[in-house]
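First the proteins, then the strands, lettered A, B, ... as listed; each starts at 1. Keep in mind the model is a prediction, meaning the values are calculated, not measured.
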Amino acid sequence: MTKRDNPIIIVRDVHKWYGDFHALRGISMEVSQGEVVVICGPSGSGKSTFIRTINRLEEHERGDIIVDGIRLTNDVRNIAAIRSEIGMVFQQFNLFPHLTVLQNITLAPIWVRKRPRREAEKIAFELLERVKIPEQAHKYPGQLSGGQQQRVAIARALAMQPKIMLFDEPTSALDPEMIKEVLDVMRELARSGLTMLVVTHEMGFAREVADRIVFFDRGEIVEENTPDGFFHAPKTDRAKQFLANILSH
Amino acid sequence: MTTATAPTEGAPASQVTRPVIERGMLAWLRQNLFRTPFDAALTIILVVIGGSLLTQFLEWSIAQADWTVITTNFRILMQGTYPAEQGNRLGLSVALITLLAGVSWGIWGRLFRATAFAFVGGVLIFVFVPLAAESLADSPRGTFGAYVSGQLAPLFSLLRDPVLLLVGCLLIGYGIGCFAKQINRKRAGCYTLIAWFIAIPICFILVRGFSDADGVLPFVQTNRWGGLLLTFMLAFVAIVACFPLGILLALGRMSGGTHKLAFKAPPRWWLNPLQWLHALSIWWRNLGNYPIIKLLCIIYIEFLRGVPLVTVFFTANLIVPLALGDNSIDAVLRAMVALTLFEAAYIAEIVRGGLQALPPGQLEAAKALGLSPMQATLFITLPQALRIAIPPLVGQFITMFKDTSLVAIIGLTELLGISRAVLAQSEFIGRHRELYVFVAIVYFVFSYGMSYAARQLESSGSGAFRKIG
């Protein structure tokens, strides 16, 4: 694959512990510019922990993570630089309930990127258009449905014009009816060539959009495969078992 | 459907009517006060006890009490020994503050019909009781009419002007606020906040003065402040000063990482000095990135919460001049400092409670957007935490307002202190009840005002849409 030549995220032998629990056991992977990687696996397998180490919401204790040429260390300036290049979407949306949708989206561009307010608002309206809720700009998050909130959260992350987007189970807290509207937005993003790391249980989405699927279990990468390979001919028994469980219902 | 069991089965939903709920006074009484025999018994017992207490109190207050103790000492109760000829300065400050309070109310709050009625009713009583007194002036001694004209009328005519001033300023301000809101809500709010920041020092200067005796605003020494004036000054300065200090202490105590290292104690670790060091180092590292600041904040908060306010007043009064080798710091300032430092510890714990009530996702989202810790605190966590903490914060402010009465112990004559001084005069001995009832009503009116304002603040703006808690 030609895409592999230009890795934007390099992870080498990363370990993390919670007390005595060994949560990440030697994760190594590379993600190329523009690649869409879906991370799946049973709950408690360390997939959320892993993507949270990439923007250092969790600190890794061993190994190296290099994002866009910057090595993640405890240096505060490094962390700030990297976080503004990485957008993140959370399972629980985590919108700021005391700010309007527009303020949620423009806050970071104005204060971190030092954009003029007018310009930031213009970009915010474009993004709201892109996630298909321009009419909600002046409402508070509490007045929106879950699906709308998650789309605002995506717009908020995109407003920083990140090079990488992390999605941490973005549809797990949504009603089934609303999952589609969020996945549609994510599909559109994937097509636009953004680098994306997505933790999800939506296997249909994974099959359609992913360039690569990484299967986690017990803090290790058990299998990396193409979507076709993963769903039709998984190489490992644990992946087979996982697919059997998840696709049978 | 075939399985439906409701009596409206078969009828189209548009024709089904809502069951009628009994309305009216009797239905309400039956449902709320006499639902069961136990409820009925409880209601009757409480009505009997409450009724008898109330009738006794009313009988005393409108037939027996001798309110001359208040009418004679009214000025001293309100402003202590503040020079009488300078009293207008106080009136002006009060008018300014109430006007601003009214404007803020008009912009951010709502005037409920019940409140408006209470205002109008109150004003009418204060206007009409003195008028009625004139027609009753020649009633025979010992009758109710004589009591009204001799006792109540002077009291009410004395209170009329201050009450009219307060209510009038409040309502005029409310009108201005409503009008300004119609024009431009955002700008009106902004200007009002600026006006507050200007008005507070102005009032302080008005009360304190700066020039010589024959200047525009002669200087009035703080030892001549007293009564309600001193109560207000103490409470106000302490509230304004302790709030930012408390927030800083709370942030200091919350600073540092959230990741806690666990001390895994091997068996009988206390016998091994190396393990002591290990435990100590883990404790130190768990204090986070700013261990010394955090430790100092914890010590400060826990120490001041662990001592009574009275001891803090004594300490400030006795030890501060000793420590500074300077006896000239005046007693009022000492009391203000003591109250501020003491209450900041409580405010800090309330704010910390608000911060801890936030879902951790809020801070994570702020970090993930690249906001610095300072920006995340200022824009994300602190505004939400303060809004959550409004009820306990106001509770603490009301407590502070009432705690000012403890300064009587270090010889300051605020409202309660001056009441005791008044009662010590031979002509008013035995008039405790009248005076303390009056003092209690004054405390209640202002405390209730604060709590009412806080409820309006809570339900205003984005607070109504918050999804926390």
Side-chain angles (χ1 to χ4, degrees), chain A residues 16-21 51-52 54-59 61 74 76-77 79-100 103-113 139-144 146 149 153 156-160 162 165-166 168 173, chain B residues 108 185-186 255-266 282 285-286 288-290 354-355 357-390 457-469:
Chain A
K16 174 162 183 72
W17 288 263
Y18 289 117
D20 285 338
F21 178 64
I51 74 163
R52 289 158 59 89
I54 292 174
N55 66 350
R56 214 169 174 80
L57 288 181
E58 304 282 354
E59 290 174 27
E61 289 162 80
N74 268 329
V76 182
R77 273 161 302 168
I79 297 172
I82 283 170
R83 280 180 181 157
S84 59
E85 299 302 329
I86 304 180
M88 184 154 192
V89 175
F90 299 86
Q91 182 178 357
Q92 300 295 340
F93 327 139
N94 293 348
L95 292 178
F96 307 130
H98 61 304
L99 302 177
T100 63
Q103 289 168 331
N104 262 282
I105 299 174
T106 55
L107 183 75
I110 290 172
W111 290 96
V112 180
R113 290 263 192 256
K139 289 194 181 166
Y140 285 92
Q143 296 168 291
L144 306 183
Q149 289 193 44
R156 178 177 71 178
L158 289 175
M160 290 293 282
M165 283 283 279
L166 307 176
D168 187 1
Chain B
W108 289 294
R185 189 192 167 103
K186 209 170 177 179
S255 69
T258 47
H259 296 282
K260 294 281 178 229
L261 302 172
F263 174 58
K264 288 194 288 290
I282 289 208
R285 279 189 286 167
N286 276 345
N289 299 334
Y290 310 98
L355 285 168
L358 289 182
Q362 290 291 312
L363 189 59
E364 282 177 3
K367 280 185 190 169
L369 284 170
L371 295 173
S372 70
M374 175 88 88
Q375 290 168 334
T377 306
L378 278 182
F379 300 139
I380 308 301
T381 51
L382 200 54
Q384 295 186 57
L386 289 183
R387 205 177 269 283
I388 295 174
I390 286 175
L457 184 67
E458 243 178 291
S459 59
S460 76
S462 52
F465 302 120
R466 73 166 195 260
K467 268 188 68 177
I468 306 158

**Message:** Counting heavy-atom pairs closer than 4.5 Å to chain B, which one of A:N94, A:V89, A:D20 comes out on top?
**Reply:**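 That would be A:N94.
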**Request:** Determine the option with the most heavy-atom pairs under 4.5 angstrom with chain B, choosing from A:L95, A:I86, A:N55.
**Result:**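 Heavy-atom pairs under 4.5 Å are most numerous for A:L95.
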Under 4.5 Å heavy-atom distance to chain B, tell me which part of [X] shows up: side chain, backbone, both or neither.
X	answer
A:R52	side chain
A:I82	neither
A:F90	side chain

**Request:** Verify, without hydrogens or angle tests, whether A:E61 (side chain) and A:W17 (backbone) share a donor-acceptor contact under 3.5 angstrom.
**Result:**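 Between the backbone of A:W17 and the side chain of A:E61 there is a qualifying donor-acceptor contact (under 3.5 Å).
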**Prompt:** In Å, rounded to the nearest 0.5 Å, how long is the span from CD of B:Q375 to CG of A:L107?
**Reply:**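 These two atoms lie 8.0 Å from each other.
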**Distance in Å, A:Y18 OH paired with A:E58 CD, rounded so as to fall on 0.5 Å steps** = 3.5 Å
**Item:** Heavy-atom pair of closest approach, residues B:L369 and A:M160
**Value:** O-CE, 3.4 Å
**Request:** For A:I79, check side-chain contact (heavy atoms from CB on, under 4.5 Å) against everything at least two apart and list the hits.
**Result:** A:R56, A:R83
